[in-house]
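Below: one structure, written as structure tokens.
For the numbers below, each heavy atom of this structure counts, side chains included, while hydrogens, waters and symmetry mates do not. Below, chain A is the first sequence line, B the second, and so on; all start at residue 1. Bear in mind that the values here come from a model prediction, so they are computed numbers and not experimental data.
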Amino acid sequence: MKRTTYAGLVDEQYIGQTVMLAGWVQKRRNFGDLVFIDLRDREGIVQLTFSAANQEALNVAQGARNEYVLAIEGEVVARADGQENKKIKSGGIEVKVTKAEILAEAKTPVFDIEDGVNAGEELKLQYRYLDLRRPEMQKNLRVRSKIMASATHFMDQNDFINIETPYLSKSTPEGARDYLVPSRVYPGSFYALPQSPQLFKQLLMGAGFDRYFQIARCFRDEDLRGDRQPEFTQLDMETSFMSATEIQELVGRWVQQIMKDVVDFDLKLEDITRLTWQESMDRFGTDKPDLRIAYEIQDLSETVKYSDFGVFANAVKDGGVVKAIAVPGGADHYSRKDIDKLGQYIERFGAKGLAWMKVTDDGLNGPIAKFFADEVGEAILAASGAKSGDLLLFGAGRADVVAASLDYLRRQTATDLDLVDQENPWRFAWIVDWPLFEYSEDFDRWIAAHHPFTMPNEEDLHYLDEGEDPHKAHAQSYDLVLNGYELGSGSIRIHRTDIQEKMLKALGFTKESANEAFGFLLEGMEYGFPPMGGIALGLDRLAMLLAGQDNIREVIAFPKNSKATEPMTEAPTPVAGAQLLELGLEVPASAENK
RNA sequence: GGUCGCAUGGUCUAGCUGGUUAGGACGCCUGCCUGUCACGCAGGAGAUCACGGGUUCGAACCCCGUUGUGACCGCCA
């Protein structure tokens, strides 16, 4: 029997036709001399009927079990009145089976093959091939596939050249921890898997390709999160001779095309909000704001500077800030206990506690309201724009702690109160004008906020000069944010040796250490690099958002769990001693049983 | 590296303040059934309550540790 169509595609148009189908048994309903089987393939489900009119087929049906692989031939017939199933696409018809064959028997699956969370994450990953049978997972991976096709098509149409860069490359300082690959030919030496194709795409610009594009796998040996896997995929591009705004316009059209192709959403370029990094931090407490939430953070530092409430007054006196969000309608929604829970949560950001007040018709309410029964209270209401029924949540202290806390509280309360705008489901933003450096407490020095090849703003170039304060410089870098997720990060690159040298010096490199690390790039630059810039968009995150998922595992066929292992293959595993020997490696006994 | 949570038949889970025949749903097996689509009915099998130790007359339950796992903080140029 040769398949003529997909089970999920059979509909009224096929009535009267003989079809041959193959797929998995989703469900068998046995009535003795009448058996129904829901046959599932990648396109969906169709109901098969087996009756005594075809005893042989009936026998096959009675022996079939869930997840058996079946091939059938049958006639598509309209269902009798009242027997339609409106829940499935093919519910108006069914297939009267004349021939049936079991292609493969199947063990009872360890969990039900159906949508909705019905098994633990570990089990689903261990039996990933079963999990992937679920319609939702099939849809997720097809969304991902569509994004890749759309992205590639757009790039091709716009004269970008798809060029692959190496996976076996060189470990470079700065950035994330590298995944290392030992060299057999040179024992004791290692390749590194790329954290991104950054340096190679700059060299490709240097080579004159002008427009480069790649769907590139990247590797970073850092701990995982819901939106972070150790290997992930970037939609990576780079162009020559374009300004930051020109690149953003191009990327905007790229994303516009993807949104149209994948979720049929008409993104207007003017709807991509532009915020400076500082503005985003001030208004939302984060560099990746979720603009679907209307309420913003208000700075009340000046308002409460001389307040009777010591916590606020002292926070400002000690160089910190006092900020707040007014959660619309939050007063009635949250009990004191609920608020305590929120307060407990933000302790992980370093917050000492959560000050709050409820706004009622009779004024401010709550344990600290007594300090604000005066004009300061009035001023808080005025400055925060809080109305009766709102819940005021405060952050007081170090600016970064307050920002992280209020960012969390803003997103959490919006979720709790259903205040995430569903009318405008896709809110993109460009975050521009980033600091060039950020201070690393771990390394006790300034490190590149984006990467060491990011071009400073022209007017800030002098900050890199001797005797000036480099960390005042801002960068020609830009992040694309969607619904509170960082989708991608890009910048204009340094293409001139003199600037690059100053930059590396500011980062603490000597001439020698810089040459050792990126000598090939620095030398290449001396042979004439064009001005260039680009961006890399996180395919996994984009696919996650467009598929409506909240973890990138759901859009990766074989992902790692939160401990960076893969329950199905059990990777990583120890290897044979002979393999190590060949590579000139030795694993200390102390590390072996971990 | 850290914080918090979770671990009970194949799966999802209930199990309160320590004494239960460890309950339910789905699944599985057997039988019956010609219009189901969450099929139904009758019967049945299936549990090292993650592991180790402790407290107690008595532990799925309390305590300590271990392991696994999830979320988060650190980390992620």
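For the pair A:D115 CG and B:rC12 P, the interatomic distance rounds to 17 Å; values are reported in whole Å. In this structure, A:K288 places its NZ atom 10 Å from C1' of B:rC76, rounding to the nearest Å. If you measure from atom CG of A:N30 to atom P of B:rG35, you get 13 Å, rounded to the nearest angstrom. Note: CG (A:D221) to P (B:rG1) measures 12 Å, nearest angstrom. A:R225 has its CZ atom 11 Å from the C1' atom of B:rG2, to the nearest Å. Distance A:Q412 CD to B:rA71 C1': 12 Å, rounded to the nearest Å. Atom P of nucleotide B:rC39 and atom CD1 of A:I88 are separated by 12 Å, given to the nearest angstrom. The OH atom of A:Y127 sits 11 Å away from the P atom of B:rG10 (whole-angstrom rounding).
By the 4.0 Å N-to-carboxylate-O rule, A:D223 lies too far from A:K563 to be salt-bridged with it. Note on A:E56 versus A:K99: no salt bridge recorded, every NZ/NE/NH1/NH2 to OD/OE distance being 4.0 Å or above. Under 4.0 Å is where a charged nitrogen must lie from a carboxylate oxygen, and between A:E566 and A:K560 no such pair does. A salt bridge does not link A:D11 to A:K89: none of the charged side-chain nitrogens sits closer than 4.0 Å to a carboxylate oxygen. A salt bridge does not link A:E222 to A:R220: none of the charged side-chain nitrogens sits closer than 4.0 Å to a carboxylate oxygen. A salt bridge is absent between A:K96 and A:E73; no separation between the charged side-chain nitrogens and carboxylate oxygens falls under 4.0 Å. Between A:K352 and A:E347, no side-chain nitrogen of the basic residue sits less than 4.0 Å from a carboxylate oxygen of the acidic one, so the salt-bridge criterion is not met.
Residue A:N551 places at least one side-chain N or O under 4.0 Å from the OP1 or OP2 atom of B:rA71. Side-chain nitrogen and oxygen atoms of A:K27 include at least one within less than 4.0 Å of the OP1 or OP2 phosphate oxygen of B:rC39. The shortest distance between the side-chain N/O atoms of A:K86 and the OP1/OP2 oxygens of B:rC37 is not below 4.0 Å. Distances shorter than 4.0 Å separate some side-chain N or O of A:R29 from OP1 or OP2 on B:rC39. A:K107 has no side-chain polar atom (N or O) that falls below the 4.0 Å cut-off from OP1 or OP2 of B:rG10. Contact between the side-chain N/O atoms of A:S562 and the OP1/OP2 oxygens of B:rG70 is found at a separation under 4.0 Å. Side-chain nitrogen and oxygen atoms of A:R220 include none within less than 4.0 Å of the OP1 or OP2 phosphate oxygen of B:rC75.
Residue A:R553 places no side-chain atom within donor-acceptor reach of the base of B:rG70, judged by atom type and a 3.5 Å distance cut-off alone. Evaluation of atom-type donor-acceptor distances gives no pair under 3.5 Å for the side chain of A:E347 against the base of B:rU3. A donor N or O paired with an acceptor N or O is not found under 3.5 Å between the base of B:rC29 and the side-chain atoms of A:R65. You won't find any donor-acceptor pair under 3.5 Å spanning the side chain of A:R28 and the base of B:rC39, going by distance alone. You won't find any donor-acceptor pair under 3.5 Å spanning the side chain of A:E114 and the base of B:rG27, going by distance alone. At a cut-off of 3.5 angstrom, the base of B:rC76 holds at least one donor-acceptor pair with the side chain of A:R228.
Here A:F111 does not count as stacked on B:rU11, because the ring centres are not under 5.5 angstrom apart with planes under 30°.
Comparing B:rU69, B:rC37, B:rC73 against the side chain of A:T565 picks out B:rU69 as the nearest. Residue A:E122 has its side chain nearest to B:rG68 when only B:rU34, B:rC75, B:rG68 are considered. If you check B:rC37, B:rG70, B:rU36 against the side chain of A:F31, the one that comes closest is B:rU36. Among the nucleotides B:rC26, B:rG70, B:rC28, the one closest to any side-chain atom of A:T108 is B:rC28. You'll find that the side chain of A:N66 is closest to B:rC28, out of B:rG35, B:rC39, B:rC28. Of the candidates B:rU36, B:rC28, B:rG70, the closest approach to any side-chain atom of A:K563 belongs to B:rG70. Closest approach to the A:E94 side chain among B:rC12, B:rG35, B:rG74 is made by B:rG35 (side chain taken as heavy atoms from C-beta onward).
Comparing B:rA22 with B:rA45, their P atoms are spaced 15 Å from each other, to the whole Å. The same atom, P, is picked in B:rC63 and in B:rG19; the two are 15 Å apart, to the nearest Å. Of the C1' atoms belonging to B:rU66 and B:rC29, the separation is 38 Å, rounded to the nearest Å. Using atom P as the reference point in both B:rC26 and B:rA38, the two lie 13 Å apart (nearest Å). A distance of about 13 Å separates the P atoms of B:rC64 and B:rC6, rounded to the whole Å. Straight-line distance between the P atoms of B:rG52 and B:rA14: roughly 24 Å, to the nearest whole Å. Spacing of P atoms, B:rU17 relative to B:rG1, comes out at 35 Å, to the nearest Å. Remark: the separation of the C1' atoms in B:rG9 and B:rG27 is 11 Å, to the nearest Å.
Using a 4.0 Å heavy-atom distance criterion, A:N561 is classed as a sugar-phosphate-only contact. At the heavy-atom level, A:F349 lies under 4.0 Å from the strands shown only through sugar-phosphate atoms. A:G226 comes within contact range of the sugar-phosphate backbone alone, with a heavy-atom separation under 4.0 Å but no base atom that close. A:N85 comes within 4.0 angstrom of a base, heavy atoms only. If you check every strand for non-hydrogen atoms under 4.0 Å, A:Q26 touches nothing. No engagement by A:T454 is indicated, since no non-hydrogen atom pair under 4.0 Å with the nucleic acid exists. Within 4.0 Å of A:L123, counting heavy atoms only, lie sugar-phosphate atoms of the nucleic acid but no base atom. Across all strands shown, A:R177 has no heavy atoms under 4.0 Å from either base or sugar-phosphate atoms. When heavy atoms are screened at a 4.0 angstrom cut-off, A:A449 is found touching the sugar-phosphate backbone but no base atom. Among the atoms of the strands shown, base atoms are found under 4.0 Å from some heavy atom of A:Q198.
Of the two residues contacting RNA chain B, namely A:K87 and A:P173, the nearest-nucleotide position lying further toward the 5' end is that of A:K87. Toward the 5′ end of RNA chain B lies the nearest nucleotide of A:G82, the other residue of the pair A:F453 and A:G82 mapping further downstream.
Relative to the six-membered ring of A:Y345, A:R348 meets both conditions, a distance below 6.0 Å and an angle of at most 45° to the axis.
Under the Watson-Crick and G-U wobble criteria, each requiring two contacts below 3.5 Å, nucleotide B:rC6 is paired to B:rG68. Checking B:rA25 for Watson-Crick or G-U wobble geometry (two distances, each under 3.5 Å) identifies B:rU11 as its partner. Nucleotide B:rG74 has no partner under the Watson-Crick or G-U criteria, as no pair reaches both atom distances under 3.5 Å. Searching all strands for a Watson-Crick or G-U wobble partner of B:rA42 with both distances below 3.5 Å returns B:rU30. Of the nucleotides present, B:rC57 is the one that pairs with B:rG19 by Watson-Crick or G-U wobble criteria, both distances under 3.5 Å.
No close placement of the A:F200 and A:Y212 rings is indicated, their centers lying 6.0 Å or farther apart.
Between A:D479 and A:W430, the closest side-chain pair of non-hydrogen atoms is not below 4.5 Å.
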